[in-house]
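Notes for the one structure printed next.
Chain letters run A, B, ... following the sequence lines, proteins first, then strands; residues in each count from 1.
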There are 2 protein chains.
Amino acid sequence: MSSLTSPQNASASQLKDPSQGFVQAAPAQQGRPSYHHGDLRQALLVAAKQLIAEAGIENLSLRRLAERAGVSRTAPYHHFSDKNDLLCAIAAEGFRRRHQMATLGFDDPAKTMLEKFEDYVLGYIQFAVDSPEEYELMFGRSIWKQQNSTRELRDVAYPCFQHQVDMVRGWQACGLIAGDNPLRTSQVIWGALHGMAKLLIDGIYTDSAQIEEMSRCAIKLFVNNSAYPIDK
Amino acid sequence: MSSLTSPQNASASQLKDPSQGFVQAAPAQQGRPSYHHGDLRQALLVAAKQLIAEAGIENLSLRRLAERAGVSRTAPYHHFSDKNDLLCAIAAEGFRRRHQMATLGFDDPAKTMLEKFEDYVLGYIQFAVDSPEEYELMFGRSIWKQQNSTRELRDVAYPCFQHQVDMVRGWQACGLIAGDNPLRTSQVIWGALHGMAKLLIDGIYTDSAQIEEMSRCAIKLFVNNSAYPIDK
DNA sequence: CAATACATCTTGACAGTGTCAAAATGGCTC
DNA sequence: GAGCCATTTTGACACTGTCAAGATGTATTG
């Protein structure tokens, strides 16, 4: 009785495209008030992303999620072995989305290497600030701690990191960025971006008005100034 | 009856010195099995740090903490308004400890500016890796999100950040580090260190064997190579 | 010393959580 | 149609943070 207030069977389809933002509205589906949901897994992922965007990861409970999806408390356990498993699946989507964004930016032949690096930095920060809750989930503690990470998550995240290394290799090859070890260098650069993103997201002595300025400062610091003098 | 297994009245004194590491054993105190604990607040902080070091922040519950301190479930609420309040207090201790470490390193007149910077980088990473759970608490989500941070925490953390800005100002003044805006530059550098620390702590495509190498790489990237050539 | 105020600690209770076990349900293949 | 099996539900358990009310000491008055 009391659960009638929540929408029933808010199923969703065609969620494969990761380039359209974090939260997507589930397309209205003409009533399927059947016992079996149809595509509960996707519906749960959609509802979870909504809830996370609304109230943060730490306020996501499986029970509220189930209620939002119009389903009983334990139904999700037939699609995700665990709460952690669910979170990993959402994070994996985030990595796919981020990976695609980064690839699109880097493969544009019209851009110079410097422009690609600038776009990479700006894009990274913007990605984090635009969907802070998703970002926090992707790089937060619970997912990566100990053996928490799912095989799927690792399989998706690794190419994402690897791509960063490859890009850095390219920037080093043309002299844009100093140093010789692309792996180490990209660990430092990723670290810087991650740290800045965290400062911005949590508002620790910073706010979103400083995004541009902080990014420019980072670019200036990392770009080899003798080879690529930056005026601005 | 069943709670007799946990030690009663494990009180602690002289915990002011923050330079002796994260977890400190509570000095044995000849039985004070009285109704009033004596210094429950300190005992709780000590026990909390133990539990966090043992099982991580996310596994710290106030009830287990109370049991460890030999006290009833709700006793902690007379010393901390909240679980969040407790966590903030522990984090504040961490910031005090870190601040003191950084100050000691920077004020040593025997060191060159380059050495100070090297020590700062190494020291930061080492601090994080040595007590990962405390580090995660200090810079983790829950503490800083929204209005979660206590006034005490902010009052302690701010000088810690400010000190980093001052150090960067010094390094820029002598030409060791490029750029002109100490605040922005220190945000980038702190970010890099934080990101590296997180990678190391969570073991994301890294492990502690690479601490030295990653730190050296960061130093090389940030130090103005034309003014301060680094051979190594 | 006695009485009272106050800080501290305890017991009881409540709503909320993740997750397991067993039963119910309904679409699928023979 | 019968039966299999994925899916969903109801019930239950241990655990969590936190509030309210009572119990117990310590300190401060008279």
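In this structure B:Tyr158 satisfies the ring pair (Phe, Tyr, Trp, His ring centres under 6.0 Å) test together with A:Tyr205, sequence neighbours excluded. Residues satisfying the side chain to side chain contact (heavy atoms under 4.5 Å, CB included) test with A:Ser186, not counting sequence neighbours, are A:Val165, A:Val168. Not counting sequence neighbours, the partners of A:Ser61 by the side chain to side chain contact (heavy atoms under 4.5 Å, CB included) test are A:Arg63, A:Arg64. Under the rule for a side-chain hydrogen bond (donor to acceptor under 3.5 Å, both in side chains), the partners of B:Ser149 that lie at least two apart in sequence or sit in another chain are B:Arg154.
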Where do N or O atoms of nucleotides 12-16 of chain D meet protein N or O atoms at under 3.5 Å, pair by pair?
from	atom 1	to	atom 2	distance (Å)
D:dT16	OP1	B:Ser61	OG	2.8

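Going from atom CG of B:Leu40 over to atom P of D:dG25 covers 16 Å, rounded to whole Å. Look at OH on B:Tyr77: it is 7 Å from P on D:dC19, rounded to the nearest Å. Atom pair B:His78:NE2 and D:dT18:C1' shows a separation of 12 Å (rounding to whole Å applied). Computed from coordinates, the B:Glu67 CD to D:dG17 P distance equals 13 Å when rounded to whole Å. Nucleotide C:dG18 holds its C1' atom 13 Å from the CG atom of A:Leu65, rounded to whole Å. With rounding to whole Å, B:Asp39 atom CG is found 10 Å from C:dC9 atom P. Atom-to-atom, CD of A:Glu58 to C1' of D:dG17 comes out at 15 Å; the value is rounded to the nearest Å. Separating the CG atom of A:Leu86 from the C1' atom of C:dT17 is a distance of 15 Å, rounded to the nearest angstrom.
For B:His79, no side-chain nitrogen or oxygen approaches OP1 or OP2 of C:dA7 to under 4.0 Å.
Between the A:Asn84 side chain and the A:Asn148 main chain, a donor and an acceptor come within less than 3.5 Å of each other.
Within the structure, salt bridge (Lys or Arg N to Asp or Glu O under 4.0 Å) contacts touching residues 181-208 of chain A (residues at least two apart or in different chains) are A:Glu136-A:Lys198, A:Arg184-B:Glu213, A:Lys198-A:Asp202, A:Asp202-B:Arg141.
Relative to the side chain of A:Asp82, the nucleotides D:dT7, D:dT10, C:dT19 differ in distance, and C:dT19 lies closest.
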